[in-house]
S.K.: 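My questions will all concern the structure given below.
Source: prediction; values computed, not measured. Here is how names work: the chains are called A, B, and so on, in the same order as the sequence lines, proteins then strands, and each is numbered from 1.
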Number of protein chains: 2
Amino acid sequence: MMANRNDDDSAAAPATRRRVGRPRAGVLSKRLITETCLRLIDERGTEAASMRAIAAELGVRPSALYNHVAGYNELIAGVRELISERIPVDAFEREPWDAALATWARHYRDVFAAHPSLVALLAVLPLAEESVTTVMYEAVIAKLGDAGWPDTHAVTVLVALESFVLGSALDLSAPDDMLDPGPRDDVPRFSSAYRARAALLAETGTRPADASFELGLRALIAGFSAELASLAATGR
Amino acid sequence: MMANRNDDDSAAAPATRRRVGRPRAGVLSKRLITETCLRLIDERGTEAASMRAIAAELGVRPSALYNHVAGYNELIAGVRELISERIPVDAFEREPWDAALATWARHYRDVFAAHPSLVALLAVLPLAEESVTTVMYEAVIAKLGDAGWPDTHAVTVLVALESFVLGSALDLSAPDDMLDPGPRDDVPRFSSAYRARAALLAETGTRPADASFELGLRALIAGFSAELASLAATGR
DNA sequence: GCCCTAAAAGAACCCCGTTCATTTTAACTG
DNA sequence: CAGTTAAAATGAACGGGGTTCTTTTAGGGC
């Protein structure tokens, strides 16, 4: 980059600095800001998606963002909405409840897996009310009800599965070798099991996080089926 | 509080400001700093546990902390160690593998549940190597191996369960009514199921997060048992 | 044409983690 | 015991963060 004199510096995008005052053509919108935020998170990580950085990317001063977005938290909530819309729920119309639940969970996690550094950010913020997430829940709960799950238990099942999905998504944003014990001799069995797993996964080309997610998902769904059977036997 | 003149202000704890230079008696230690950090997180939340706030609480300038702690991330890693030590693993010496796994998972989550606002913080940071967490893993993996789990699968089971535990811990730090759809008529079945569950839980005095955790844990362990049986049948 | 409002710039405020130089003291060393 | 080195505090500063407030300009409705 060429050096800019301090009293003649210009923002990244526009060649000439914009005058103060409302511009002739609209420059910003909530949608544009939110999408830029998600793009920066994907391209350069969470830390590069500050209000100031987003503003610079859009060739705008930070304070201009506040004409369209209430603040950083609301912005991140918008990003969550943006990607939540991409979780397909059509499996509930085609598959039996347990298979549909598994398909939904995989999609759910895949969407987060596409934006790994975002997971930690979303984990911190409470859900916004009136969110599209709720209509996703509607599809899940309707299917569970149709399958015979009592109204009293359906949401509990949903939350349990969602906890697993989010926990697995967090696992995704951690480095693959996070658990690597290295050359320690005080944890021999863990070391050996760690290496045995690494070897197996290398053979099949599977990511560690994927193996754990699939195993846990299978186990959870199988357990749910057993639970439903037991509910039907005793409760009815 | 009375107003303090700007050139006569004093820190919170000591009545008189400490002179510059090394004090006669040691004032700080890594242990003291870490425990103060955890206490502030518990009492006033994550945001109140900044380096500056911790320093003020200890009657010290922020820069003094860096003589004992490398930085904020290492400090939080120390807090994780502090509470990880409190997860009991003795169940693996007394109970069969599946019951022990469940007991361990409950303790694991209980420890985090005691510090709800900490969960989001820990979720973001990668594990420090050489941590006590690894010796906890050793106990889990040894038991799984003794129970017949192949070395190639033990760590995968561990990670799957841990993902569920951490996801459930995150759920704990969210407000209880986060999912409440409120008076919406576009999600009728979810609304009805939400209210049915709320009524059931109110009857038995159970927290929603606890119900989901127990259900999911039961399902996971049951699914793991089925998985192990299937492994024994086909693989051997 | 006037007025209110929207949307930008720009300046400022207070927070944060961190680094550096300085000062004082403790601990070690010959 | 004197001298040196290392440790542990202060104080000042840096660069970054989210946010707010004022000012300026433009658009749209009566």
Side-chain angles (χ1 to χ4, degrees), chain A residues 6-14 16-33 36-37 40-41 44-79 121 124-125, chain B residues 6-14 16-33 36-37 40-41 44-79 121 124-125:
Chain A
N6 209 2
D7 53 4
D8 187 31
D9 72 321
S10 49
T16 84
R17 181 148 69 187
R18 191 180 2 261
R19 287 196 332 224
V20 72
R22 179 172 184 161
R24 324 242 158 177
V27 179
L28 295 179
S29 72
K30 175 161 185 174
R31 173 120 208 148
L32 178 61
I33 294 171
T36 302
C37 177
L40 284 184
I41 288 174
R44 304 177 213 168
T46 298
E47 316 226 319
S50 63
M51 296 294 271
R52 286 178 154 87
I54 295 169
E57 183 75 12
L58 292 170
V60 143
R61 304 291 149 141
S63 54
L65 302 177
Y66 290 85
N67 290 318
H68 304 267
V69 174
Y72 186 70
N73 280 16
E74 195 201 88
L75 175 56
I76 298 300
V79 172
L121 218 53
V124 178
L125 298 181
Chain B
N6 208 2
D7 53 4
D8 187 27
D9 72 322
S10 50
T16 83
R17 181 148 67 187
R18 194 186 351 268
R19 289 196 328 225
V20 72
R22 179 171 183 163
R24 324 240 159 177
V27 179
L28 296 178
S29 73
K30 177 162 186 176
R31 174 119 208 149
L32 178 61
I33 295 172
T36 302
C37 177
L40 285 184
I41 289 174
R44 304 178 213 167
T46 298
E47 316 226 320
S50 63
M51 296 295 270
R52 284 179 154 85
I54 295 168
E57 182 75 12
L58 292 170
V60 143
R61 304 292 149 140
S63 52
L65 302 177
Y66 290 85
N67 290 318
H68 303 267
V69 174
Y72 185 70
N73 281 16
E74 194 201 89
L75 175 56
I76 298 300
V79 172
L121 215 55
V124 177
L125 299 182

S.K.: Side-chain donor or acceptor of B:Arg52 under 3.5 Å from a matching atom on the base of C:dG17?
M.R.: yes
S.K.: Can you name the closest pair of heavy atoms from A:Ala48 and A:Ala53 and give their distance?
M.R.: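 Shortest heavy-atom separation between A:Ala48 and A:Ala53 comes out as O-CB, 3.2 Å.
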S.K.: How many Å lie between CD1 on B:Ile54 and C1' on D:dA9, as a whole number?
M.R.: 17 Å
S.K.: At under 4.0 Å, does any side-chain N or O of B:His68 touch on OP1 or OP2 of D:dA7?
M.R.: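 Answer no for this pair, as no side-chain N or O of B:His68 is under 4.0 Å from OP1 or OP2.
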S.K.: When you measure from the side-chain N and O atoms of B:Arg61 to the phosphate of D:dG11, is any distance below 4.0 Å, counting only OP1 and OP2?
M.R.: yes
S.K.: Atom CG of A:Leu28 and atom NE2 of A:His68: how far apart are they, to the nearest 0.5 Å?
M.R.: 4.5 Å
S.K.: Return whichever of A:Ala70 or A:Glu47 has its heavy-atom-nearest nucleotide of DNA chain D closer to the 5' end.
M.R.: A:Glu47
S.K.: Choosing from D:dT19, C:dT18, D:dT10, which nucleotide comes nearest the side chain of A:Pro62?
M.R.: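 So the nucleotide nearest the side chain must be D:dT19.
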S.K.: Rounded off to whole Å, could you give me the CG-to-P distance for the B:Leu32 and D:dA8 pair?
M.R.: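 Rounded to the whole Å, the gap is 13 Å.
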S.K.: Give the rounded distance in Å between these two atoms: CD of B:Glu74 and C1' of C:dG17.
M.R.: 14 Å
S.K.: How is A:Ala64 classified with respect to the nucleic acid when contacts are heavy atoms under 4.0 Å: base, sugar-phosphate, or nothing?
M.R.: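 Since only primed, P, OP1 and OP2 atoms lie under 4.0 Å of A:Ala64, the category is sugar-phosphate.
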S.K.: In this structure, how many angstroms lie between the P atom of C:dT24 and the CG atom of B:Leu28, rounded?
M.R.: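 Computing the B:Leu28:CG to C:dT24:P distance gives 19 Å.
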S.K.: To the nearest Å, how far apart are B:Lys30 NZ and D:dA7 P?
M.R.: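 Rounding to the nearest Å, NZ of B:Lys30 and P of D:dA7 are 16 Å apart.
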S.K.: Any idea which of C:dA9, D:dG18, C:dG17 is nearest the B:Tyr72 side chain?
M.R.: C:dG17
S.K.: On a plain distance test, is the side chain of B:Asn67 in donor-acceptor contact with the base of D:dA9 below 3.5 Å?
M.R.: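 Side chain to base: pair present.
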S.K.: Specify the separation, in whole Å, of atom CD1 of B:Ile33 and atom C1' of D:dA9.
M.R.: 12 Å
S.K.: In Å, rounded to the nearest 0.5 Å, how long is the span from CD1 of B:Ile33 to CE of B:Met51?
M.R.: 7.5 Å
S.K.: How close or far is atom C1' of D:dG18 from atom OH of A:Tyr66, stated in whole angstroms?
M.R.: 5 Å
S.K.: Kindly compute the distance separating SG (A:Cys37) from CG (A:Leu65), expressed to the nearest 0.5 Å.
M.R.: 10.0 Å
S.K.: How close or far is atom P of C:dA9 from atom CG of A:Leu58, stated in whole angstroms?
M.R.: 10 Å
S.K.: Check if the side chain of B:Ser50 and the base of C:dG17 share a donor-acceptor pair of N or O atoms closer than 3.5 Å.
M.R.: no
S.K.: Quick one: does B:Leu58's side chain get under 4.5 Å of B:Leu32's, heavy atoms only?
M.R.: yes
